[in-house]
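Okay, structure first, notes after.
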Amino acid sequence: QVQLVESGGGLVQPGGSLRLSCTVSKFALDYYAIGWFRQAPGKEREGVSCASSSNGATYYLHSVKGRFTISRDNAKNTVFLQMNSLKPEDTAVYYCAAQSRKYGPYCTEDMDRNEFEYWGQGTQVTVSS
């Protein structure tokens, strides 16, 4: 069982920045790929970014490339999502999740939410003037 807790959401103006944090169970980052997903009202949950456990590979949703950066701090058991140049269309509830170990410790570009087994409770990000 892996526990994940998100924090850092809030209200920000267009063009602003936020940093989301996902604190996970101790040692989980040694074994699990961790992804960030988001879900806007009336839309399906989509993968935003993913960081593999051991090979450093990361992936991003096309619409956030160059604006969002995922990083891991294993000593703090935390995965961050730095979000810059935020747009109103980034408004959503953001979730972090741990990929099921049966799919291995590496992310894949499609970031299929069905391959992620453990989920946090989510944090709201609202981009509005």
Checklist entry - Under the side-chain contact (heavy atoms from CB on, under 4.5 Å) criterion, do Val24 and Thr78 qualify, and how do the steps go? => result CA-CA 6 Å; Val24 306; Thr78 302; over 6 Å; no
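- Counting only residues at least two apart or on different chains, no salt bridge (charged side-chain N to carboxylate O under 4.0 Å, His left out) pair has a member in residues 68-86.
- Evaluation of the salt bridge (charged side-chain N to carboxylate O under 4.0 Å, His left out) rule for Glu44 yields Arg113 as partners, not counting sequence neighbours.
- Among pairs with a residue in residues 14-29, none fulfils salt bridge (charged side-chain N to carboxylate O under 4.0 Å, His left out), at least two apart in sequence or across chains.
- Residues that satisfy the side-chain hydrogen bond (donor to acceptor under 3.5 Å, both in side chains) test with Thr126, not counting sequence neighbours, are Gln124.
- Two residues are said to be in side-chain contact when any heavy atoms from C-beta on lie closer than 4.5 Å; Val125 and Leu20 meet this criterion.
- For Gln3, the CD atom is loosely surrounded, since the number of other residues' heavy atoms within 6.0 Å does not exceed 12.
- Side chains of Pro88 and Pro14 form a contact here, defined as non-hydrogen atoms less than 4.5 Å apart.
- For Asp110, the side chain to side chain contact (heavy atoms under 4.5 Å, CB included) partners are Thr108, Asp112, not counting sequence neighbours.
- To the nearest 0.5 angstrom, Leu81 atom CG is 6.0 Å from Ser49 atom OG.
- Take Ser17 and apply the side-chain hydrogen bond (donor to acceptor under 3.5 Å, both in side chains) test, not counting sequence neighbours, and it matches Asn84.
- Residues Leu29 and Ile34 meet the side-chain proximity criterion, which asks for heavy atoms closer than 4.5 Å.
- Side-chain contact between Lys87 and Val127 is absent, with no heavy-atom pair separated by less than 4.5 Å.
- Looking at Tyr118 and Gln1, their side chains come closer than 4.5 Å, going by heavy atoms from C-beta outward.
- Atom OG1 in Thr58 sits 10.5 Å away from atom CD in Glu109 (nearest 0.5 Å).
- Sorted by first and then second residue, the disulfide bond (SG atoms under 2.5 Å apart) pairs involving residues 32-94 (not counting sequence neighbours) are Cys50-Cys107.
- Looking at Thr123 and Val93, their side chains never come closer than 4.5 Å, going by heavy atoms from C-beta outward.
- Here the straight-line distance linking atom CZ of Arg67 with atom CD of Gln82 works out to 12.0 Å at 0.5 Å rounding.
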Enumerate donor-acceptor pairs with a distance under 3.5 Å from any side-chain N or O in residues 94-101 to protein atoms, sequence neighbours excluded.
from, atom 1, to, atom 2, distance (Å)
Tyr94, OH, Arg38, NH1, 3.0
Tyr94, OH, Asp90, O, 2.6
Gln99, NE2, Gly104, O, 3.0
Gln99, NE2, Tyr106, O, 3.0
Ser100, OG, Lys102, N, 3.4
Ser100, OG, Glu117, OE1, 3.4

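- Sorted pairs that involve residues 2-14 and meet salt bridge (charged side-chain N to carboxylate O under 4.0 Å, His left out), not counting sequence neighbours, are lacking altogether.
- With Ser85 contributing its side chain and Gly15 its backbone, the two residues share no donor-acceptor pair below 3.5 Å.
- Pairs engaging residues 28-80 under the ring-ring contact (aromatic ring centres under 6.0 Å, His included) rule: Phe37-Phe116, Phe37-Trp119 [sequence neighbours left out].
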